[in-house]
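Okay, structure first, notes after.
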Amino acid sequence: MVLLVRRQHFARGRVDGRCSLGVRAMVLVPIICMSVTSLNFVLGLSIGDARHPLVRPGEGAIAMRAAKKKKTAAVSAKGDPVLDGDVVFLRGHLGNYINAEHGVEFVKSRAPIKADRARWIIEKPGGGKISGQDFIYLRGFQGGYMEVQGDTVRVKPGERTRSGNLVLTKGSDPKTGDANKSPVNYGDVIYLRANGERQTYLDVEGQDVRARWSDEGKWQAITIEKSDE
């Protein structure tokens with residue numbers, strides 16, 4: 001009788017021990033898997049590189065490298081001087097880029113994308129660095145130069161000698177009122193003024209680009225940016 005009780009007690013102990021080990025395994029295995037997955041994600045690896053159906057091989061590392069490269073390019077571009085002959089992009093106050101159109105003379109501001117139609121080649125008579133109060137020309141991606149006629153901003157076909165130039169300004173000193181004539185760098189806010197009798201500035205309203213007022217306000221503010229290439 002005593003022997004039977006001891007055997008039953010021993011058997012229960014083995015069962016209880018197995019149950020205890022099973023419970024511990026159920027708790028520890030998910031924790032270990034989560035830790036390994038987190039570590040692999042940080043390193044740009046993945047358990048699923050070979051087996052996981054949602055993660056492609058090396059996807060994490062590739063994404064991290066691409067983001068780092070793009071950030072480095074943006075940092076290096078910002079602050080560089082703008083030079084005669086540079087390809088520039090002009091971003092309006094709404095975040096869209098000022099662009100020419102295929103087969104249409106009117107200038108618009110349609111999308112926040114650095115597409116070919118939003119490319120402008122900035123030209124300065126005499127060459128060199130672009131500065132505030134410089135006379136400039138902006139050549140469109142299909143040729144022709146930006147000019148202002150009345151309130152209308154358009155791209156006029158032909159050589160730049162046939163087009164009216166623009167005056168690039170950078171605002172003025174709030175204390176003295178003197179015009180800012182410092183060099184223009186990528187990332188600067190600029191204004192473009194028609195070089196005519198009315199002296200109006202390019203402004204953006206919705207997708208329309210016009211030249212209606214002779215002041216440097218919010219609608220007239222343009223950020224000059226470099227190509228990402």
Look at the side chain of Asp84 and the backbone N and O of Lys124, then say whether any donor-acceptor pair between them is shorter than 3.5 Å. yes
Ring geometry between Tyr191 and Tyr201 (parallel below 30°, tilted from 30 to 60°, perpendicular above 60°): perpendicular
What is the minimum heavy-atom distance between Val148 and Ala194, and which atoms define it? CB-CB, 3.7 Å
Worked check of side-chain contact (heavy atoms from CB on, under 4.5 Å) between Val167 and Phe135: CA-CA 5 Å; Val167 181; Phe135 294 99; 3.6 Å; yes
Of the non-hydrogen atoms in Val204 and Gly92, which two are nearest, and what is the gap between them? CG2-CA, 4.5 Å
Just by modelled atom types, is the Arg212 backbone N or O under 3.5 Å from a matching donor or acceptor in the Asp203 side chain? yes
Asn180 side-chain N/O to Ser182 backbone N/O, donor-acceptor pair under 3.5 Å: yes
For the pair Lys108 and Glu101, find out whether any cationic side-chain nitrogen is under 4.0 Å from an anionic carboxylate oxygen. no
Spatial distance of atom OG (Ser163) from atom CE (Met146) [nearest 0.5 Å]: 11.0 Å
Joint cluster assignment, Ile222 & Tyr97, ILVMFWY side-chain distance < 4.5 Å: no
Mind checking whether Trp120 and Val82 sit in one hydrophobic cluster, side chains of I, L, V, M, F, W, Y counted as touching below 4.5 Å? yes
Note: Lys226-Asp86 ion pair, threshold 4.0 Å (strictly below): no
Enter the distance from Glu205:CD to Arg210:CZ here, rounded to the nearest 0.5 Å. 5.0 Å
Establish whether Phe89 and Leu166 are linked, either directly or via other cluster members, by ILVMFWY side-chain heavy-atom contacts under 4.5 Å. no
Indicate the atoms forming the closest heavy-atom contact of Gly103 with Gln142, along with that distance. N-OE1, 3.6 Å
Determine whether more than 12 heavy atoms belonging to other residues, nucleotides or ligands lie under 6.0 Å from atom CD of Glu159. no
Return the minimal non-hydrogen interatomic distance between Val184 and Gly132, and the atom names on each side. CG2-N, 4.0 Å
Taking C-beta and beyond as the side chain, do Trp213 and Thr200 meet within less than 4.5 Å on heavy atoms? no
In this structure, CD1 of Ile121 is separated from CD1 of Ile136 (nearest 0.5 Å) by 13.0 Å
Side-chain (Arg198) to main-chain (Gly150) donor-acceptor, under 3.5 angstrom: yes
Might you point out which heavy atoms bring Gly177 and Ser172 nearest each other, and give the distance in Å? O-CB, 3.8 Å
Enter the distance from Glu123:CD to Ile130:CD1 here, rounded to the nearest 0.5 Å. 9.5 Å
Return yes if some donor-acceptor pair links the side-chain N/O of Lys181 with the main-chain N/O of Ser131 below 3.5 Å, else return no. no
Tell me whether Tyr145 is reachable from Ile190 by hopping between hydrophobic residues (I, L, V, M, F, W, Y) whose side-chain heavy atoms are closer than 4.5 Å. no
Same cluster or not: Ile122 versus Tyr186, using hydrophobic residues (I, L, V, M, F, W, Y) connected whenever any side-chain heavy atoms lie under 4.5 Å apart? yes
Considering only heavy atoms from C-beta outward, does the side chain of Arg160 approach that of Arg139 to under 4.5 Å? no
Distance col, row Leu138:CG vs Asn165:CG, nearest 0.5 angstrom, shows 10.5 Å
Any side-chain to backbone donor/acceptor pair from Lys170 onto Pro183? Under 3.5 Å, distance only. yes
Asn99 side chain to Arg110 main-chain N or O, any donor-acceptor pair under 3.5 Å? yes
Are side-chain heavy atoms of Leu192 and Leu168 found at a separation under 4.5 Å? yes
Salt-bridge criterion met for Glu105 and Lys156 (N-O under 4.0 Å): no
Over all heavy atoms of both residues, which pair between Ser227 and Arg119 is shortest? Give the atoms and the distance, please. OG-NH1, 4.4 Å
